[in-house]
**Q** 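Below you will find the structure I want to go over with you.
Residue numbers begin at 1 in each chain, while the letters A, B, ... track the order of the sequences. Quick note: numbers below take in every heavy atom, side chains included, and nothing from hydrogens, waters or symmetry partners.
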Number of protein chains: 2
Amino acid sequence: MALHPAADWASLAAVQTTTRPESPSMSRPQTRIQQKNSETILQAALEVFSTYGFRGATLDQIAEVAGLSKPNLIYYFPSKEAMHQALLTRLLDTWLDPLRDLDPDGDPVAEILRYVRRKIELSRDYPRESRLFANEILQGAPRMQAAIAGDLKTLVDAKSAVLLSWMDEGRIARLPPQHLIFSIWALTQHYADFDTQVRAVLGDGHDPFAEAGDYLDTLFRKLLAP
Amino acid sequence: MALHPAADWASLAAVQTTTRPESPSMSRPQTRIQQKNSETILQAALEVFSTYGFRGATLDQIAEVAGLSKPNLIYYFPSKEAMHQALLTRLLDTWLDPLRDLDPDGDPVAEILRYVRRKIELSRDYPRESRLFANEILQGAPRMQAAIAGDLKTLVDAKSAVLLSWMDEGRIARLPPQHLIFSIWALTQHYADFDTQVRAVLGDGHDPFAEAGDYLDTLFRKLLAP
DNA sequence: GCGTTTCCTGACCATGTGGTCAAATTCCAA
DNA sequence: TTGGAATTTGACCACATGGTCAGGAAACGC
């Protein structure tokens, strides 16, 4: 008799700004149908949210893309809000993983270039996720404030310390570490978020992401050279 | 007896994807009241559109921000669409001006750094405009396709040629010129579009735009050095 | 096969939304 | 001061939207 079987409420706490009092922590089993349909719904929701933002997206549209009825969506997720939350939660991990992997014991330039490369690959392979994130931040991060000021800031602070130590050792140029990280985000996500513009300006016969990979490799090599 | 007195239809043609057949090109006079109110409305619309995107914005919200009644909005602009168009049209000029000013006869590095500085200032002083633009492109530029593939591409092509000639003369490093331009856009607009994130990560006691100005100056100096 | 749980949907509802309209009010030149 | 034009708005409309609900259809354990 469990309502909204697929919604993994426990995992939402991470992103939620206001804490829910209850969280029934219901029957976890997840049947195969549940697995499949909630995934279908999330993919459709990602498609629509990433294009129109939270307010601009409609359940009817998501239902159409998912090929399911509107009440069926609500069977799996209690609300539009919940779909959005589920997407954001999942997104944040994917997004931060590459930065987490920055190895303090590795070669500084190689580590940073590897991070840049992985971020470009994320932009190429998951542009909708990138746009979903961009939409959320553009709107002032109303549903991610906590995660940004919390997990994300903590991680950036930690990695900034690593960068600073590399700079102190003279292994890379001395630069404001946070802004260095911002520039990696800006440059890589630009190719996903502004894809339309990039392609229109480049015209035909270009592979934006391949070119971006080379260009950014050069850029950061020159920037980081002590 | 002119309806929608403030809407400057002639100027909209530039951005419009589908060409309007008529365009009455009505009485241009523009009374002081018209001037004031249409400006108030556009400011309010900018505020709301830039935050929620076109579909996420509502006339009621815009009316509330403008301090005017909803029918009064429609008295000045025939539709929500028209407000959006008016904003985009105005925006594009402001946005491209600094790039237009890139002087082929000036000192290459100085010219590019000046462009970067002006773009950062735009981000600092007109963040809403930047976000409006970002929102539009994120959604696939449904209302700016023509302008992007037209005016903007033309301008970028022209300036790319200038950059290439500078590279040929060995005055700046050889780089793909379009991507060089993209990186200027990405890095400068990031500070307006992702302001929330930037501030959350930096924490208190920072002046994001001032720091960005210095950082980007360094970045492009190193990047452009032959 | 059968009872129970899971899954699905047509019909519906309250509210929000873009936009209209007739009438009221304000502005301004003669 | 007054008459016509410009400006403003309350009331309204058709439609879209998020979400509900009662009941039907599959799926599953036995």
Side-chain angles (χ1 to χ4, degrees), chain A residues 1-8 24 26-42 44-45 47-49 51-87 142-143, chain B residues 1-8 24 26-42 44-45 47-49 51-87 142-143:
Chain A
M1 207 230 102
L3 284 178
H4 316 301
D8 183 345
M26 43 192 44
S27 53
R28 200 50 38 104
Q30 281 275 99
T31 71
R32 230 170 300 110
I33 288 179
Q34 281 169 26
Q35 197 85 53
K36 192 193 61 163
N37 281 353
S38 42
E39 188 52 35
T40 303
I41 291 170
L42 284 182
E47 185 72 29
V48 178
F49 282 137
T51 304
Y52 297 105
F54 181 74
R55 295 197 30 181
T58 74
L59 286 183
D60 288 288
Q61 222 177 338
I62 297 171
E64 165 135 23
V65 172
L68 297 171
S69 69
K70 189 165 59 165
N72 207 4
L73 259 56
I74 297 299
Y75 175 70
Y76 286 99
F77 293 88
S79 67
K80 182 181 167 183
E81 186 87 31
M83 292 176 209
H84 198 245
Q85 286 285 7
L87 285 171
R143 300 153 211 281
Chain B
M1 205 228 110
L3 283 178
H4 315 301
D8 184 344
M26 44 193 37
S27 52
R28 200 50 40 102
Q30 280 275 99
T31 72
R32 231 171 298 109
I33 290 181
Q34 281 168 26
Q35 197 85 56
K36 192 192 61 164
N37 281 354
S38 42
E39 189 52 36
T40 303
I41 291 170
L42 284 181
E47 185 73 29
V48 179
F49 282 138
T51 304
Y52 297 106
F54 180 74
R55 294 196 32 177
T58 74
L59 286 182
D60 287 288
Q61 224 177 335
I62 296 171
E64 165 134 24
V65 172
L68 297 170
S69 69
K70 188 165 60 164
N72 208 4
L73 260 56
I74 296 299
Y75 175 71
Y76 286 99
F77 293 88
S79 67
K80 181 181 167 183
E81 186 86 31
M83 291 177 208
H84 197 244
Q85 286 285 7
L87 285 171
R143 300 153 210 281

**Q** Which atom pair, heavy atoms only, marks the closest approach of A/Ala57 to A/Tyr52?
**A**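 Residues A/Ala57 and A/Tyr52, closest heavy atoms: N-CB, 3.9 Å.
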
**Q** If I take atom CG from residue B/Leu42 and atom CD1 from residue B/Ile62, how far apart are they, to the nearest 0.5 angstrom?
**A** 9.5 Å

**Q** Polar atoms only, N or O, under 3.5 Å: list the protein pairs with nucleotides 12-19 of chain C and their distances.
**A**
{"from": "C/dG18", "atom 1": "OP1", "to": "B/Ala57", "atom 2": "O", "distance (Å)": "3.1"}
{"from": "C/dG18", "atom 1": "OP1", "to": "B/Lys80", "atom 2": "NZ", "distance (Å)": "2.9"}
{"from": "C/dG18", "atom 1": "OP2", "to": "B/Leu59", "atom 2": "N", "distance (Å)": "2.7"}
{"from": "C/dG18", "atom 1": "N7", "to": "B/Lys70", "atom 2": "NZ", "distance (Å)": "3.0"}
{"from": "C/dG19", "atom 1": "OP2", "to": "B/Lys80", "atom 2": "N", "distance (Å)": "2.9"}
{"from": "C/dG19", "atom 1": "O6", "to": "B/Lys70", "atom 2": "NZ", "distance (Å)": "3.4"}

**Q** Given atom CD of A/Gln61 and atom P of D/dA16, what is their separation to the nearest angstrom?
**A** 13 Å

**Q** Roughly how many Å is it from CG in A/Asn72 to P in D/dA25, rounded to a whole number?
**A** 16 Å

**Q** Which heavy-atom pair separates B/Arg143 from B/His84 by the least distance, and what is that distance?
**A**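 Result for this residue pair: CD-ND1, 3.2 Å.
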
**Q** Rounded to whole angstrom units, what separation is found between the CG atom of B/Leu68 and the P atom of D/dA6?
**A**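 Interatomic distance, CG of B/Leu68 to P of D/dA6: 19 Å.
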
**Q** Just how far is it from atom CD1 of B/Ile41 to atom OH of B/Tyr76, taken to the nearest 0.5 Å?
**A** 7.0 Å

**Q** Starting from P on C/dC27, measure out to CG on B/Asn37 and report it in whole angstrom.
**A** 11 Å

**Q** Measure the distance from CZ on A/Phe77 to C1' on D/dG19 and round it to the nearest whole Å.
**A** 16 Å

**Q** To the nearest 0.5 Å, tell me how far B/Ile74 CD1 sits from B/Lys80 NZ.
**A**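 Output value for this atom pair is 10.5 Å.
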
**Q** Return no unless some side-chain N or O of B/Tyr76 is found under 4.0 Å from OP1 or OP2 of D/dT8.
**A** yes

**Q** In this structure, how many angstroms lie between the C1' atom of D/dG18 and the CD atom of A/Glu64, rounded?
**A** 17 Å

**Q** Do A/Gln34 and A/Tyr75 touch side chain to side chain, with heavy atoms closer than 4.5 Å?
**A**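 A side-chain contact is absent here, since even the closest heavy-atom pair is not under 4.5 Å.
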
**Q** Quick check: are there more than 12 heavy atoms from other residues, nucleotides or ligands sitting under 6.0 Å from CD of B/Glu81?
**A** yes

**Q** Rounded to whole angstroms, how far apart are CD on B/Gln34 and P on C/dC27?
**A** 14 Å

**Q** What is the minimum heavy-atom distance between A/Ala44 and A/Val65, and which atoms define it?
**A** CB-CG1, 3.6 Å

**Q** Heavy-atom count check: over 12 atoms from other residues, nucleotides or ligands less than 6.0 Å from A/Glu39 CD?
**A**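 Yes, CD of A/Glu39 has more than 12 neighbouring heavy atoms, counting only those of other groups under 6.0 Å.
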
**Q** Report the distance from atom OH of A/Tyr75 to atom C1' of C/dC7, rounded to the nearest whole Å.
**A**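 That distance rounds to 5 Å.
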
**Q** Between the protein and nucleotides 27-30 of chain D, list every N/O to N/O distance that falls short of 3.5 Å.
**A**
none

